[in-house]
Structures are given as structure tokens and as C-alpha cells.
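Below is one structure, written out as C-alpha cells; comments come after it.
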Amino acid sequence: MTVTSAAAGPAQRSRPYESLLAKGEDRKQRILAAAETLLARNGWRNTSLAQIAREAGVSAAGLLHHFASKEALLHAVLDARDFDDDTHADRTGDLLAQITRVAERFDRAPALVGTFTVLLVENIQPDAPLHDRLVARQQAAVNIVADGIRRGQREGRYRSDLDAAIKAVEILAFVNGMETAWLLDPSIPLAEVFKGYAEALARDFGVREPSRSSR
């Protein structure tokens with residue numbers, strides 16, 4: 001009896017702390033979800049921390065415990081979008097297959113799509129709080145897509161005369177444009193649109209299977 005109690009004691013004492021951690025994480029996720037909803041609907045200029053706190057069902061102090069400022073919360077929303085992209089992307093796989101799968105994002109994380117599009121438009125001006133980060137993000141995305149094109153060129157699957165960097169800008173413009181179009185009209189058949197675009201790119205790239213000797 002004594003041994004059992006002694007062994008259980010530390011674990012029992014740790015449970016309240018673990019419970020607080022779990023509650024804190026749940027509260028943080030509710031704040032992020034509320035921010036995504038309100039930012040997509042109203043934009044960051046017309047959304048206050050007080051509104052987000054009310055939507056999340058937390059106090060203003062509770063929100064500030066997790067996010068010290070409005071800008072910190074905006075960055076956290078972008079972090080959520082980047083985490084979703086990183087989790088579901090295969091950057092060493094076939095680029096055209098990845099483009100076809102972009103449509104899955106709209107079903108998986110519609111709030112992130114809406115929030116990101118609104119934040120992108122609202123932070124075009126150089127003095128906007130997320131401008132520098134979004135410019136860096138765009139440049140990094142161009143490099144990732146361009147690297148995928150160059151990999152296909154090295155493997156002999158894509159035309160060698162393609163300018164990878166310019167084509168990457170076009171592809172990202174298409175994806176960003178489709179996100180805006182979908183927000184205006186959610187009835188767009190996204191899977192078919194992205195599949196058709198990937199097939200058009202395949203023709204443009206002159207896609208062909210590697211020769212047996214290169215496999």
C-alpha cells in the first residue's frame with residue numbers, strides 16, 4: 001500500500017500541470033481558429049484582438065498570454081499555413097503531381113486559404129506588418145518550384161530550354177489566383193481545374209518518361 005502510493009505520488013502531482021498545459025494548448029488553438037475566421041471575413045485592419053478573444057471565448061488577458069500583440073498573432077496564423085504546406089508537400093517528388101494535389105488544400109484547410117489570401121492582399125504595401133515576410137515567402141516558394149522544374153530538366157523529363165524561375169512565377173500566380181477565385185465562387189470544380197492545369201503544364205514542359213538507361 002505504501003509502495004503503491006509512493007510510486008503514484010509524483011505522477012498524481014504532475015497531472016494538474018499536464019492538465020493546465022493541455023488546456024493552454026486548446027485555448028491557443030481556439031484563438032488561432034477564431035483569428036483565421038475573423039481575418040478572412042474582415043481583414044486584419046478591421047479585426048481587433050478584443051473581437052478575436054470574444055470569438056474564441058477567452059479573456060483579453062488569456063489571448064495576450066499566448067500572443068503578446070496583434071502582429072504576433074498574424075505571424076502565428078501564417079505559421080499555421082506554412083506548417084500545413086510543409087506537412088503535406090513532397091518537395092522531392094514530381095512537381096506536376098504536386099500541382100494536381102493543391103486542390104486538396106481547399107478541402108483540408110479552407111480557413112487557412114481564406115485568411116492567407118486576405119493577408120496577402122492587405123500586406124502588399126511595404127509598410128504593412130507582414131509585407132517583408134510575405135515577400136520572402138514568395139521568393140522562397142519560387143525557388144522551391146523552380147528547383148522542381150530544374151530537377152525534371154536534369155532527369156530529361158522536361159524541356160531544357162524552359163526558364164525555370166519564370167515558369168515558377170507563373171505557376172504560383174495561377175495557384176494564388178485560383179485561391180482568390182475560389183473564395184469568390186466556392187462552386188469551382190477545383191480538382192478538375194488543377195488537373196487540367198497540370199496536364200497543360202506537362203504539354204508545355206514536353207514531359208516524357210526517362211529512358212531505361214537513366215532509370
Side-chain angles (χ1 to χ4, degrees), residues 28-29 32-33 35-36 39-40 43-45 67-155 157-183 190-191 193-195 197-198 200-202 204-205 207:
K28 183 176 180 180
Q29 293 306 314
L32 279 173
E36 290 164 11
L39 290 171
W44 70 267
R45 289 183 176 85
F67 305 101
S69 66
K70 188 175 183 178
E71 187 169 340
L73 182 52
L74 293 177
H75 279 286
V77 169
L78 280 185
D79 288 343
R81 162 75 181 231
D82 290 344
F83 178 78
D84 181 77
D85 283 349
D86 291 342
T87 300
H88 295 91
D90 178 9
R91 291 173 181 165
T92 62
D94 179 69
L95 174 64
L96 299 182
Q98 287 296 300
I99 290 172
T100 301
R101 292 185 56 199
V102 169
E104 297 173 5
R105 176 195 296 151
F106 295 75
D107 291 327
R108 183 178 68 245
L112 289 179
V113 172
T115 305
F116 177 78
T117 302
V118 170
L119 290 178
L120 183 64
V121 172
E122 283 197 318
N123 284 274
I124 289 176
Q125 295 300 319
D127 60 344
L130 298 178
H131 176 81
D132 291 344
R133 173 171 178 173
L134 286 168
V135 170
R137 189 185 192 281
Q138 170 71 9
Q139 293 169 344
V142 167
N143 290 335
I144 289 169
V145 175
D147 285 346
I149 295 171
R150 294 187 187 103
R151 185 168 59 251
Q153 289 173 320
R154 289 193 301 270
E155 294 171 355
R157 293 184 291 110
Y158 301 164
R159 286 168 33 205
S160 61
D161 61 336
L162 281 172
D163 187 314
I166 290 176
K167 204 66 182 175
V169 171
E170 174 202 306
I171 291 169
L172 289 169
F174 173 81
V175 173
N176 289 336
M178 281 307 305
E179 292 185 340
T180 302
W182 175 78
L183 289 172
L190 292 170
V193 170
F194 277 96
K195 182 175 182 291
Y197 182 59
L201 283 176
D204 192 17
F205 285 7
V207 171

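The model shown is predicted, which means the values in this text are computed figures rather than measured ones.
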Q) To the nearest 0.5 Å, how far apart are CH2 in W182 and OG1 in T117? A) 8.5 Å
Q.
Test side chain to side chain contact (heavy atoms under 4.5 Å, CB included) on D94 and R157; report intermediate values, then the result.
A. CA-CA 10 Å; D94 179 69; R157 293 184 291 110; 3.1 Å; yes
Q | L39 side chain reached by E122 side chain, heavy atoms, under 4.5 Å | A | no
Q: Could you check if a side-chain atom of V169 sits within less than 4.5 angstrom of a side-chain atom of I166, using non-hydrogen atoms only?
A: no
Q | Distance (rounded to the nearest 0.5 Å) between K167 NZ and I149 CD1 | A | 8.0 Å
Q: Any chance you could measure R81, atom CZ, to L120, atom CG, to the nearest 0.5 Å?
A: 9.0 Å
Donor-acceptor contacts, no H, no angles, side chain residues 71-80, under 3.5 Å, sequence neighbours left out:
residue: H75; atom: ND1; partner: R133; partner atom: NH1; Å: 3.1
residue: D79; atom: OD1; partner: R133; partner atom: NH1; Å: 3.1
residue: D79; atom: OD1; partner: R133; partner atom: NH2; Å: 2.7

Q. For residues 131-155, which residue pairs qualify under ring pair (Phe, Tyr, Trp, His ring centres under 6.0 Å), counting only residues two or more places apart or in two chains?
A. none
Q: Work out which heavy atom in A165 is nearest to a heavy atom in V142; give both atom names and the distance.
A: O-CG1, 4.1 Å
Q: Report, as yes or no, whether the 6.0 Å neighbourhood of atom NZ on K70 holds more than 12 heavy atoms from other residues, nucleotides or ligands.
A: yes
Q: Starting at CZ of F116, measure out to OG1 of T180 and round the result to the nearest 0.5 Å.
A: 9.5 Å
**Q.** Heavy-atom side-chain proximity of Y158 to L95 below 4.5 angstrom
**A.** yes
Q.
Any side-chain to backbone donor/acceptor pair from Q153 onto R159? Under 3.5 Å, distance only.
A. yes
**Q.** Backbone of A103 reached by a side-chain donor or acceptor of D107 within 3.5 Å
**A.** no
**Q.** Trace of the side chain to side chain contact (heavy atoms under 4.5 Å, CB included) decision for R101 with F194
**A.** CA-CA 8 Å; R101 292 185 56 199; F194 277 96; over 6 Å; no
Q: To the nearest 0.5 angstrom, please state how far the CG atom of L201 sits from the CD atom of E170.
A: 6.5 Å
Q. At what distance, to the nearest 0.5 angstrom, does CG of L119 lie from CG of L130?
A. 6.0 Å
Q. Which atom names give the shortest non-hydrogen contact between G114 and L183, and what distance separates them?
A. CA-CD2, 3.6 Å
Q: Apply the test side chain to side chain contact (heavy atoms under 4.5 Å, CB included) to residues V193 and F174: give CA-CA distance (whole Å), side-chain angles for both, the deciding distance (0.1 Å), then the verdict.
A: CA-CA 11 Å; V193 170; F174 173 81; 3.9 Å; yes
Q. How about V102 and M178: do any of their side-chain heavy atoms sit closer than 4.5 Å?
A. no
Q.
Measuring only between side-chain heavy atoms, which start at C-beta, is W44 closer than 4.5 Å to V118?
A. no
